[in-house]
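For reference, the structure is listed below as structure tokens.
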Number of protein chains: 2
Amino acid sequence: MLTIGSLAQKTGTKVQTIRYYEQIGMMPEPGRTAGGQRRYGNPELDRLAFIRHARQLGFSLEAIRELLDLSDQPDRPCHEADAIARRQLKQVEQRLARLEALRTELKRMVHECSGGQTADCRVLEVLRDHSECLTDHAGIGA
Amino acid sequence: MLTIGSLAQKTGTKVQTIRYYEQIGMMPEPGRTAGGQRRYGNPELDRLAFIRHARQLGFSLEAIRELLDLSDQPDRPCHEADAIARRQLKQVEQRLARLEALRTELKRMVHECSGGQTADCRVLEVLRDHSECLTDHAGIGA
DNA sequence: GCTTGAACCTCCAGTAGCTAGAGGATGTAC
DNA sequence: GTACATCCTCTAGCTACTGGAGGTTCAAGC
């Protein structure tokens with residue numbers, strides 16, 4: 001049985017954030033002691049770790065809620081889960097492509113820099129390319 | 001010369017967001033027409049595209065500002081740029097590892113699902129692991 | 001050259017996702 | 001049985017946007 005503080009520490013979350021997640025329904029209402037303090041188990045630890053990592057990867061709480069729902073309801077209609085999984089997969093692959101481009105460029109900079117010369121910097125260029133995301137932008141946001 | 005609206009469209013940004021970035025100094029103050037309307041060129045387009053993609057990858061505006069500074073001052077002290085690049089590279093590689101794990105799991109779900117059966121879902125497990133980030137959490141946030 | 005409508009302007013208020021602090025109760029270790 | 005770290009609720013503030021009111025500008029068509 002974990003206190004909210006130790007759960008926070010294990011997941012690198014602020015105590016307040018955990019209570020906030022409970023408030024908005026991202027985390028379940030945990031058991032309480034006689035005095036009213038929250039006590040958590042391992043399932044909550046896993047769930048919170050997932051949420052935090054997914055947030056660090058740039059997923060919205062809404063998207064994370066969807067992923068968690070996939071996990072919560074393993075016997076839900078298959079086509080529905082499949083559609084969500086496919087949609088998330090597409091997003092994940094787009095992110096991977098961009099992150100890999102950024103990694104390559106940062107590596108190049110680190111290497112050239114170790115050579116003693118500050119190189120011309122092209123970080124900006126590597127995330128400029130719209131070829132993979134034109135479908136996302138086209139006609140949107142105007 | 002681009003209007004703020006076409007810049008917004010090309011980058012998938014809201015017009016308001018561009019003005020917000022200008023306000024907080026993430027985007028430079030652009031030229032204006034006699035009537036006071038903003039006009040942008042290609043450098044601003046690249047910069048904004050970079051910001052947006054980096055945001056989608058989960059970087060804070062502060063981290064993005066650092067990356068942009070690398071780009072803005074190619075002749076700054078080498079060790080400084082190098083330190084920033086290395087720090088960002090480390091973050092990027094952590095993100096890549098987690099995203100790859102998530103991709104694998106989503107792929108597995110999509111495959112098993114196409115088989116006609118909703119599989120047991122382990123999305124949650126794949127981002128549970130703390131082995132790579134214990135150093136980040138240890139002692140923090142409590 | 002004048003009109004007209006989409007797009008622009010500023011300013012301000014609202015949202016998502018946290019984060020910090022006040023003021024007080026609880027729990028465990030001596 | 002008393003310290004004192006941690007917990008509780010509540011409220012307010014912060015980052016990163018987003019939307020709307022009320023008014024101005026620009027470019028296309030007459």
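Nothing here was measured: the structure is a model prediction, and the numbers come from that model. Each chain gets a letter, A, B and so on, in the order its sequence line appears, and its residues count up from 1.
Contact detail for F59(B) and R95(B): the closest heavy-atom pair is N-NH1, 3.5 Å. Residues L2(A) and G41(A) come closest through the heavy atom pair CD1-O, 4.4 Å. Heavy-atom minimum distance, V92(A) versus L99(B): CG1-O, 3.6 Å. Closest of all the heavy-atom pairs between T11(B) and A49(B) is CG2-N, 4.1 Å. What you find for E44(A) and M27(A) is that their closest heavy atoms are O-CE, 3.5 Å. Closest non-hydrogen pair, T17(A) versus R52(A), comes out as CG2-NH2, 4.3 Å.
One finds no side-chain N or O of R52(A) lying less than 4.0 angstrom from the OP1 or OP2 phosphate oxygen of dG17(C). Distances shown here put every side-chain N or O of R32(A) at or beyond 4.0 Å from the OP1 or OP2 atom of dA25(C). Neither OP1 nor OP2 of dC7(D) sits under 4.0 Å from any side-chain N or O of R38(A).
Atom CG of L7(A) is separated from atom P of dC7(D) by 10 Å (rounded to the nearest Å). Straight-line distance from the OH atom of Y40(B) to the C1' atom of dA7(C): 14 Å, rounded to whole Å. Atom CD of Q9(B) and atom C1' of dA6(C) are 14 Å apart (whole Å). What separates CZ of R55(B) from P of dA16(D) is a distance of 6 Å, to the nearest Å. Rounded to whole Å, the distance from NZ on K14(A) to C1' on dG21(C) is 14 Å. For the pair E62(B) CD and dA16(D) C1', the interatomic distance rounds to 12 Å; values are reported in whole Å. In this structure, M1(A) atom CE and dT28(C) atom C1' are separated by 18 Å, rounded to whole Å.
Residues satisfying the side-chain contact (heavy atoms from CB on, under 4.5 Å) test with E22(A), not counting sequence neighbours, are E29(A), P30(A), R32(A), R38(A), Y40(A).
Counting only heavy atoms from C-beta outward, the side chains of R65(A) and E62(A) approach each other to under 4.5 Å. A heavy-atom distance below 4.5 Å is found between the side chains of E100(A) and R103(A).
In the region residues 18-27 of chain A, proximity to DNA chain C at under 4.0 angstrom, judged on heavy atoms, holds for Y20(A), Y21(A).
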Strictly under 3.5 Å: I want the nitrogen or oxygen pairs between protein and nucleotides 26-28 of chain D, one per line.
residue: dC26(D); atom: OP1; partner: T33(B); partner atom: OG1; Å: 2.6
residue: dC26(D); atom: OP1; partner: G35(B); partner atom: N; Å: 3.0

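Judged by distance alone with a 3.5 Å cut-off, a donor-acceptor contact links the side chain of Q16(B) to the base of dG20(D).
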